[in-house]
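Single-structure report; data block below.
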Amino acid sequence: MLGERFMKNFDERVWNLIRKIPKGKITTYKEIAKALNTKAYRAVGQALKRNPNPISTPCHRVVCSDGKLGGYGGRSKKGVDKKSKLLRKEGVEIKKGKINLEKFMRRFD
DNA sequence: TATTTGACCAAGA
DNA sequence: ATCTTGGCCAAAT
């Protein structure tokens, strides 16, 4: 994308994508990497952890490819619980700690 | 410059 | 269903 040309670094591209996820939808670390034409799944997680602005960047909408939540605010149980709550409040169903990806995934085609 | 560190992923000795 | 392993890549140390 031409718009991407002016992006500074990897982290910022990740944050920008996340801001596009609407309430009630989620995406995975892998999908983000794919959208950026890279295989840096892990680096995506790191980027979220380094998220400078949790207010404008809804990092709770990013989960693992197997439907499990992944981490939030360091990978404490408490953080994940919070992530779970936020998602439910937005309408995302979570059964047995997992999300139905088919149903809630936001794709970046 | 080199090594270490992850909020990951997929396959399975 | 859970755990281990090797691979992956950018940032931090």
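Chain letters run A, B, ... following the sequence lines, proteins first and then strands; every chain starts at 1.
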Between [N] atom [atom2] and [X] atom [atom1], what is the distance in whole Å?
| X | N | atom1 | atom2 | answer |
| --- | --- | --- | --- | --- |
| K98(A) | dC9(B) | NZ | P | 12 Å |
| F10(A) | dA7(B) | CZ | P | 14 Å |
| K34(A) | dC9(B) | NZ | P | 12 Å |
| N9(A) | dA12(C) | CG | C1' | 13 Å |
| L48(A) | dA11(C) | CG | C1' | 14 Å |
| K68(A) | dA10(B) | NZ | C1' | 12 Å |
| L36(A) | dA11(C) | CG | P | 11 Å |
| K39(A) | dA10(B) | NZ | C1' | 14 Å |

Practice prompt. Report which part of the nucleic acid G73(A) touches: base, sugar-phosphate, or nothing (heavy-atom distance under 4.0 Å, all strands).
Written response: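 Result for G73(A) = base.
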Worksheet item: Is A40(A) touching bases, backbone alone, or none of the nucleic acid, heavy atoms closer than 4.0 Å?
Response: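 The residue A40(A) makes sugar-phosphate contact but no base contact.
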Discussion item. Quick check on DNA chain C: between Y41(A) and D11(A), whose nearest nucleotide comes earlier from the 5' end?
Written reply: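 Result: Y41(A).
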Discussion item. Please determine whether a side-chain nitrogen or oxygen atom of R75(A) lies at a distance below 4.0 Å from atom OP1 or OP2 of dA7(B).
Written reply: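 Checking R75(A) against dA7(B): at least one side-chain N or O falls below 4.0 Å of OP1 or OP2.
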Worksheet item: For dC9(B), does OP1 or OP2 lie under 4.0 Å from any side-chain N or O of S65(A)?
Response: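 S65(A) to dC9(B) OP1/OP2: side-chain N or O found under 4.0 Å.
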Practice prompt. Starting from the 5' end of DNA chain B, give me the residue, T28(A) or Q46(A), whose nearest nucleotide shows up first.
Written response: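 Per heavy-atom nearest nucleotide, the more 5' residue is Q46(A).
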Worksheet item: Can we say K25(A) and E90(A) salt-bridge, meaning some charged N sits less than 4.0 Å from an Asp/Glu carboxylate O?
Response: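 Not counted as a salt bridge, because no side-chain N and carboxylate O are separated by less than 4.0 Å.
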Worksheet item: Is E93(A) paired with R88(A) through a side-chain N to carboxylate O contact shorter than 4.0 Å?
Response: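 Between E93(A) and R88(A) there is no salt bridge, as every charged N stays at least 4.0 Å from the carboxylate O atoms.
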Worksheet item: Now, which nucleotide makes the Watson-Crick or G-U wobble pair with dA12(C), with each of the two distances under 3.5 Å?
Response: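 Partner of dA12(C): dT3(B).
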Fill in: Paired nucleotide for dA13(B) [Watson-Crick or G-U wobble; both distances under 3.5 Å]
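Per the H-bond distance test, none.
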Fill in: N16(A): which of R19(A), E12(A), K20(A) passes side chain to side chain donor-acceptor pair (under 3.5 Å)
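Testing N16(A) for a side chain to side chain donor-acceptor pair (under 3.5 Å) against R19(A), E12(A), K20(A) leaves exactly one candidate, R19(A).
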Worksheet item: Counting only distance, no hydrogens or angles, is the base of dG7(C) paired donor-acceptor with the side chain of R42(A) under 3.5 Å?
Response: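 Result: at least one qualifying N/O pair found.
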Discussion item. Quick one: does any side-chain atom of R61(A) pair with a main-chain N or O of I21(A) as donor and acceptor, under 3.5 Å?
Written reply: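 Judged by distance alone, yes, a pair lies under 3.5 Å.
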Worksheet item: Is the backbone N or O of G70(A) less than 3.5 Å from a side-chain atom of R75(A), with the two atoms forming a donor-acceptor pair by type?
Response: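 Such a contact is absent between R75(A) side chain and G70(A) backbone.
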